[in-house]
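First the structure, in the form of structure tokens, and then the observations on it.
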Amino acid sequence: TKLKSSTQYIMIKAGIIGAAGYTAGELIRILVHHPKAEITFAQSHSQAGKKITTVHKDLVGEIDLEFSKEIETAAVDVVFLCKGHGESKKIMDKNPSLLSKKIIDLSQDFRLNGNHDFVYGLPELNRAELQQKDHIANAGCFATCIQLGLLPSVKADLIKGHASIS
């Protein structure tokens with residue numbers, strides 16, 4: 001985000017697709033408390049028209065927004081895909097206009113697959129590329145833990161071949 005003045009950043013407008021799930025609830029909590037982020041839409045087919053707090057009860061008093069049925073990307077800077085695995089690819093295929101937005105996919109759909117120009121979102125491995133790309137495949141928690149544990153040994157050339165984690 002570019003500086004507006006020496007002390008102020010431009011507000012980032014975020015949209016969430018699949019906003020009724022657990023991951024989206026945690027994301028909403030983070031964004032609601034972020035001083036430079038604003039949630040412009042939270043899409044959910046199953047909860048459309050209901051207050052977000054009917055599903056995410058721990059956010060009562062934190063947000064007064066309803067789930068939308070439609071994906072409303074016109075006024076957003078970034079879109080978070082919080083659908084179940086396999087669903088993010090379907091969303092992207094049905095909504096090609098999303099490709100013009102910054103996207104962070106929180107499923108596994110684009111982690112290992114280069115479709116739609118996604119970069120694997122582990123800054124310890126891909127910091128420079130992450131700064132250049134608009135489409136991020138968020139690293140999963142277990143994969144991140146394993147990769148960060150192995151990374152020093154890989155960098156020191158101590159691991160030859162495959163590593164097995166159990």
Side-chain angles (χ1 to χ4, degrees), residues 1-5 7-113 115-124 126 130-131 133-145 147-148:
T1 302
K2 300 200 185 309
L3 283 175
K4 195 181 220 180
S5 70
T7 59
Q8 206 175 26
Y9 287 93
I10 295 172
M11 185 68 73
I12 296 170
K13 295 182 186 232
I16 302 168
I17 298 174
Y22 175 78
T23 301
E26 293 303 309
L27 174 62
I28 292 167
R29 179 185 341 285
I30 291 167
L31 294 176
V32 162
H33 292 286
H34 194 290
K36 303 300 177 192
E38 174 187 350
I39 300 170
T40 59
F41 79 89
Q43 183 273 341
S44 169
H45 286 292
S46 65
Q47 303 299 319
K50 297 179 184 176
K51 295 274 189 189
I52 287 176
T53 54
T54 61
V55 173
H56 303 296
K57 296 187 183 314
D58 53 325
L59 293 171
V60 169
E62 302 289 331
I63 189 168
D64 188 34
L65 187 66
E66 291 181 356
F67 291 107
S68 64
K69 184 174 185 173
E70 303 301 320
I71 296 171
E72 307 163 7
T73 60
V76 299
D77 303 307
V78 61
V79 174
F80 290 89
L81 299 174
C82 297
K83 299 291 280 182
H85 299 309
E87 296 299 312
S88 290
K89 284 182 183 179
K90 292 176 188 174
I91 294 288
M92 294 295 293
D93 290 343
K94 289 180 184 176
N95 300 279
S97 65
L98 287 173
L99 292 171
S100 68
K101 302 293 180 178
K102 292 189 182 294
I103 301 169
I104 300 175
D105 179 31
L106 299 176
S107 77
Q108 69 181 11
D109 288 12
F110 300 107
R111 289 181 189 159
L112 300 177
N113 188 335
N115 287 350
H116 301 299
D117 200 29
F118 277 78
V119 63
Y120 188 67
L122 189 63
E124 292 80 2
N126 299 326
L130 285 166
Q131 293 172 343
K133 298 287 186 171
D134 286 335
H135 303 152
I136 310 298
N138 194 58
C141 55
F142 295 126
T144 300
C145 181
Q147 291 172 49
L148 292 179

- Query: Do N95 and S97 have side-chain N/O donor and acceptor atoms under 3.5 Å apart?
  - Reply: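 Distance-only check fails for N95 and S97.
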Side chain to side chain donor-acceptor pair (under 3.5 Å) involving [X] - partner list, sequence neighbours excluded:
X	answer
K101	none
D134	K102
K133	D117
H45	Q43

- Query: Within a strict 4.5 Å, meaning less than it, do heavy atoms of the L81 and I104 side chains meet?
  - Reply: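 Side chain of L81 against side chain of I104, heavy atoms only: no contact under 4.5 Å found.
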- Item | Spatial distance of atom CD1 (I28) from atom CD1 (I52) [nearest 0.5 Å] |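 With rounding to 0.5 Å, CD1 (I28) is 4.5 Å from CD1 (I52).
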- Task: Would you please name every residue forming a ring pair (Phe, Tyr, Trp, His ring centres under 6.0 Å) with H135, sequence neighbours left out?
- Result: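 H135: ring pair (Phe, Tyr, Trp, His ring centres under 6.0 Å) contacts with F118.
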- Which side-chain hydrogen bond (donor to acceptor under 3.5 Å, both in side chains) pairs, counting each pair once, include a residue from residues 16-32, with sequence neighbours left out?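 Listed once each, the pairs are E26-R29, R29-D58.
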- Message: Please identify which of these residues, I16, V76, L65, meets the side-chain contact (heavy atoms from CB on, under 4.5 Å) condition with F41.
- Response: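 Per the side-chain contact (heavy atoms from CB on, under 4.5 Å) rule, the option paired with F41 is V76, out of I16, V76, L65.
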- D105 backbone acceptor or donor facing N138 side chain under 3.5 Å: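 Side chain of N138 to backbone of D105: no pair is present.
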- Item | Main-chain N/O of K89 paired to D109 side chain as donor or acceptor, under 3.5 Å |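 A pair under 3.5 Å: yes.
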